[in-house]
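Down below is the structure, laid out as structure tokens.
Proteins get letters first, then strands, A, B, ... in listed order; numbering begins at 1 in each. These numbers come from the heavy atoms of this one structure, side chains and all, not from hydrogens, waters or symmetry mates.
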Protein chains: 2
Amino acid sequence: MIRLAIAEDHQSLIDGIELLLKYEENISIIGTANDGEKLIDIVRLKQPHVVLTDIRMPKIDGIAATKIIKKEFPHIKVIAFTMFEQTDAIEQMINAGASGYILKNSSLEEVLNAINVVSKGETYFGKNVNVNAINKESSTKKKGKLTKRQIEILALVAQGKTSREIAEQLFIGVQTVDTHRKNMIRILGLHGKGELLRYALEKKYNF
Amino acid sequence: MIRLAIAEDHQSLIDGIELLLKYEENISIIGTANDGEKLIDIVRLKQPHVVLTDIRMPKIDGIAATKIIKKEFPHIKVIAFTMFEQTDAIEQMINAGASGYILKNSSLEEVLNAINVVSKGETYFGKNVNVNAINKESSTKKKGKLTKRQIEILALVAQGKTSREIAEQLFIGVQTVDTHRKNMIRILGLHGKGELLRYALEKKYNF
DNA sequence: CAAAATATACCTATTATTGGGTATTTTTTT
DNA sequence: AAAAAAATACCCAATAATAGGTATATTTTG
């Protein structure tokens, strides 16, 4: 009997999976959550064998939640169930310790299949999930690693704040903020006026 | 017997709804689609009583699809089933002729309920869907109406193009593009450097 | 057809961001 | 403790975008 926990902010989808698994003899749903915080609570309390989780969720996102779960309970298998097919998202999820990755435009049958496969200790990746591209990319070039401070500033850039406003908020000089911006632009390989804002907004939206 | 068509780009969710409705005596699913184009095909061929549709879909989005359906078959009831809770999206869907609007974080029970209600000619709006705010807002102030040319330019702004690049692409002067930008900023009530790009990117993302 | 709306274009000025540097202090890692 | 990384700050120059105007041709609407 596989003990399963589900985290997904769309209750309708949870309902659908529950309906499907009601008649599955070897899987029991031991808890469901609409956000990452609740998921971690459930995992700590009931320790499932497999966790099926969305990436974009309130409070704690799926990537962060997976990291926490894998740190505390390395034996628990995590499957990402999301609409993001960007290599960036897949990579982060794998690095967080996920054993599987399936897209929401897959069938429920595939979801069921993935749960069974990862519970045996294997990995499962959906058809549209190109895992090969990931390893090559992340092993050769390790671009895009920002520091804490840079991410902090990037978040404020995403909020539409100017360098001056960011400087005031963080109690640092405007030119320091500008230096951080320049460094981020270099690290991320961007060029042009609105590009950092663009990047910041996209990141924000993506997870 | 209510004849239902479903359009939703996440197959898993369609599967879930199908499971739920399999045991419903008074509803039969006459077709499902993963994009707006397919939905319209199904509607033309099989003329359902009720259409349950997502907003963000490939090819033709839910708003455009609803307009087409309501124009050709005014008696067909459309329910929006989406994750967008912005008044903007709700407003556009209502204007397109939708009879209901429910969020994806609702339960499948609520979906079932909505289908039954709208099939009787009534309207159904989920708890988190604030319909009252819409009417007031759209009747009093009619802000944010951009012209074709402005939308064209805004789309290029969203692509990260500079005024100069936009001017070259559209065979007009740079200063003309700047004028359009200024007018859009005024009409949309924006202020500050990156705000138009911000707005453009958000719009792009939202539907 | 006349009026209104839209698209076009120019002017001046200000400001934020970018791009090129350099440099010091603090923190983290080895 | 020494080396590396990160955070801080400054300089100068170039450019894109915003903000305030005005103005004319074109298209759409009443």
- Item | side chain to side chain donor-acceptor pair (under 3.5 Å) partners of Arg181(B), counting only residues at least two apart | Ser163(B)
Would you tabulate the side-chain donor-acceptor contacts of residues 38-45 of chain A under 3.5 Å, counting partners in other chains and residues two or more places apart, or write 'none'?
from     : atom 1 : to       : atom 2 : distance (Å)
Arg44(A) : NE     : Glu72(A) : OE1    : 3.0
Arg44(A) : NE     : Glu72(A) : OE2    : 3.3
Arg44(A) : NH2    : Glu72(A) : OE2    : 2.6

- Query: Is there a side-chain contact between Met93(B) and Thr53(B), using heavy atoms and a 4.5 Å cut-off?
  - Reply: yes
- Say you draw a straight line from CG of Leu13(A) to CG of Asn105(B); how long is it, rounded to the nearest 0.5 Å? 11.5 Å
- Contacts of Gln11(B) that satisfy side chain to side chain donor-acceptor pair (under 3.5 Å) - sequence neighbours left out: Asp15(B), Asn34(B)
- Using atom CD1 of Ile185(A) as one end and atom C1' of dA16(C) as the other, report the distance to the nearest whole Å. 12 Å
- Query: With sequence neighbours left out, what residues match Gln175(A) under side chain to side chain contact (heavy atoms under 4.5 Å, CB included)?
  - Reply: none
- Task: Would you indicate whether the side-chain heavy atoms of Phe73(B) and Val51(B) approach each other to under 4.5 Å?
- Result: no
- Task: Send over the distance from His180(A) NE2 to dT18(C) P, rounded to a whole Å.
- Result: 14 Å
- Note on the structure: salt bridge (Lys or Arg N to Asp or Glu O under 4.0 Å) pairs touching residues 160-175 of chain A, sequence neighbours excluded, are none
- Between atom CG in Leu156(A) and atom C1' in dA16(C), what is the gap in whole Å? 16 Å
- Note on the structure: Distance col, row Ile27(B):CD1 vs Ile2(B):CD1, nearest 0.5 angstrom, shows 4.5 Å
- Item | Heavy-atom side-chain proximity of Tyr124(A) to Ile79(A) below 4.5 angstrom | no
- Using only side-chain N and O atoms of Thr179(B), determine if any of them is under 4.0 Å from OP1 or OP2 of dA9(C). no
- Indicate yes or no: at least one non-hydrogen side-chain atom of Ile29(B) is less than 4.5 angstrom from one of Ile14(B). no
- Considering residues at least two apart in sequence or located in another chain, which fulfil the side chain to side chain donor-acceptor pair (under 3.5 Å) criterion with Asn183(A)? Arg186(A)
- Item | Contact list for DNA chain D against residues 170-177 of chain A - heavy-atom distance below 4.0 Å | Ile172(A), Gly173(A), Gln175(A), Thr176(A)
- Task: Take the C1' atoms of the five end pairs on each side of the helix from dC1(C)-dG30(D) to dT30(C)-dA1(D), derive the two axes, and give their angle rounded to 10 degrees.
- Result: 60°
Please tabulate the protein-to-nucleotide N/O contacts below 3.5 Å involving nucleotides 24-29 of chain C, giving atom names and distances.
none

- Query: Separation of Leu196(A) atom CG from dA16(C) atom P, in whole Å?
  - Reply: 16 Å
- Task: Just jot down the salt bridge (charged side-chain N to carboxylate O under 4.0 Å, His left out) partners of Arg149(B), sequence neighbours excluded, or say none.
- Result: Glu152(B)
- Item | Nucleotide dG21(C), atom C1' - distance to NZ of Lys182(A) in whole Å | 7 Å
- Given atom CG of Leu188(A) and atom P of dG19(C), what is their separation to the nearest angstrom? 12 Å
- Query: In whole angstroms, how far is the P atom of dT17(C) from the CZ atom of Arg198(B)?
  - Reply: 13 Å
- Item | Heavy-atom contact window of chain A on DNA chain D, given 5' to 3' at under 4.0 Å | dA6(D) to dA16(D)
- Task: Using a heavy-atom cut-off of under 4.0 Å over every strand shown, decide if Arg186(A) touches base, sugar-phosphate, or nothing.
- Result: nothing
- Item | Separation of atom CG in Asp178(B) from atom P in dC10(C), rounded to whole Å | 11 Å
- Sort and list the pairs that fulfil salt bridge (Lys or Arg N to Asp or Glu O under 4.0 Å) and have at least one residue in residues 101-127 of chain A, not counting sequence neighbours. Glu8(A)-Lys104(A), Asp54(A)-Lys104(A), Glu110(A)-Lys127(A)
